[in-house]
Participant: 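Take this structure, written in structure tokens, and hold onto it; I'll ask about it next.
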Amino acid sequence: MILERGASEPNARHFYTDQERRHFADVAYDGALEPLDGSYIWLFEYRTRRWAARSNVANINLDLEEGSFHFQGITGYVGRFGFQILLGRWPAGVTLALQAAKYREWEDATVLLWPANDQPIGWPPRYCLHDAVYDSLLDRLTKGTLVQRRRR
């Protein structure tokens, strides 16, 4: 939420609603500080000699039969710690295609943190990312097929 505000152009369309910001920050509410429904978060190790930190916020529109849906992808790192977040207001019956080849090819370099599951999180990942692959990491959120329909 902070990166979205800090990296935006004047009059930019923001993804998070005021209600979502309040819900996330309300520490008295059970579930506060937990990622919003529809969030996916990956962690990665990153090595660079060029920057101490870097981030990219991408607003993505996805057109499906049911209509156009707005998603946001945030990729960044601070020091050697990297993160990638995809948040969508998913239409009924649609999920992120985590088994698609474009996501599987990153499995040895990224760790899925959220949605949480019962599996331990292995750290560090098998491969460390670097400047030569940063644009490809961004592209996995913004190019190609993002979603799959749930089987009924």
Side-chain angles (χ1 to χ4, degrees), residues 1-9 12-46 52-64 66-129 133-151:
M1 291 179 183
I2 293 168
L3 284 174
E4 174 186 69
R5 291 294 181 162
S8 295
E9 297 287 328
R13 178 181 174 196
H14 295 293
F15 185 84
Y16 299 99
T17 66
D18 288 339
Q19 180 181 359
E20 288 168 334
R21 285 185 192 83
R22 282 191 298 274
H23 171 81
F24 181 78
D26 184 1
V27 294
Y29 177 76
D30 185 34
L33 301 178
E34 187 171 286
L36 300 173
D37 289 341
S39 297
Y40 292 84
I41 302 172
W42 294 268
L43 304 178
F44 56 88
E45 184 180 7
Y46 199 84
R54 186 176 181 190
S55 67
N56 179 280
V57 178
N59 287 295
I60 308 158
N61 281 319
L62 179 65
D63 294 317
L64 299 174
E66 297 88 347
S68 182
F69 298 92
H70 185 203
F71 295 82
Q72 184 176 76
I74 299 174
T75 304
Y77 60 86
V78 176
R80 291 176 59 172
F81 176 77
F83 57 90
Q84 189 166 55
I85 302 166
L86 178 65
L87 178 61
R89 293 183 182 93
W90 303 92
V94 174
T95 61
L96 185 65
L98 290 173
Q99 298 306 312
K102 119 181 187 176
Y103 293 101
R104 283 197 324 269
E105 69 186 28
W106 292 93
E107 283 181 347
D108 287 338
T110 61
V111 175
L112 183 64
L113 176 68
W114 194 266
N117 59 37
D118 294 334
Q119 301 299 315
I121 296 172
W123 193 262
R126 185 172 177 191
Y127 297 112
C128 181
L129 301 179
V133 298
Y134 189 77
D135 288 339
S136 296
L137 183 64
L138 295 176
D139 287 348
R140 85 179 191 140
L141 296 183
T142 59
K143 295 183 179 169
T145 304
L146 265 179
V147 299
Q148 66 185 8
R149 298 197 182 276
R150 288 188 197 128
R151 293 183 183 161

Participant: What are the two closest heavy atoms between Q84 and L137, and how far apart are they?
Facilitator: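 For Q84 and L137, the tightest heavy-atom pair comes out as NE2-O, 3.0 Å.
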
Participant: Side-chain contact, heavy-atom cut-off 4.5 Å: N56 with I74?
Facilitator: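 Counting from C-beta outward, N56 and I74 never come under 4.5 Å.
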
Participant: Could you pull out the closest heavy-atom pair between W123 and L43, with the gap in Å?
Facilitator: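 Taking every non-hydrogen atom into account, CZ3-CB, 3.7 Å.
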
Participant: Please find the pair of heavy atoms, one from V57 and one from Q72, that lie closest to each other, and give the distance.
Facilitator: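 What the structure gives for the nearest pair is CG1-NE2, 3.6 Å.
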
Participant: Any side-chain to backbone donor/acceptor pair from R21 onto Y16? Under 3.5 Å, distance only.
Facilitator: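 Such a contact is found between R21 side chain and Y16 backbone.
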
Participant: Before you tell me yes or no, could you show the steps for I85 and W42 under side chain to side chain contact (heavy atoms under 4.5 Å, CB included), namely the whole-Å CA-CA distance, both residues' side-chain angles and the distance that decides it to 0.1 Å?
Facilitator: CA-CA 6 Å; I85 302 166; W42 294 268; over 6 Å; no

Participant: Determine the sole option in F81, Y77, F83 for which the ring pair (Phe, Tyr, Trp, His ring centres under 6.0 Å) test with Y46 is passed.
Facilitator: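 Among F81, Y77, F83, the one meeting ring pair (Phe, Tyr, Trp, His ring centres under 6.0 Å) with Y46 is Y77.
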
Participant: Where is the tightest heavy-atom contact between G122 and V111, given as atom of each residue plus distance?
Facilitator: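 Taking every non-hydrogen atom into account, O-CG2, 3.4 Å.
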
Participant: Determine the minimum heavy-atom distance between F44 and T110, stating which atoms define it.
Facilitator: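 So the two residues come closest at CB-CG2, 4.1 Å.
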
Participant: Side chain to side chain contact (heavy atoms under 4.5 Å, CB included), that's the test. Do L129 and W106 meet it? Break it down for me.
Facilitator: CA-CA 10 Å; L129 301 179; W106 292 93; 3.8 Å; yes

Participant: At their closest point, which heavy atom of P35 faces which heavy atom of I41, and how far apart are they?
Facilitator: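 The answer is CG-CD1, 3.7 Å.
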
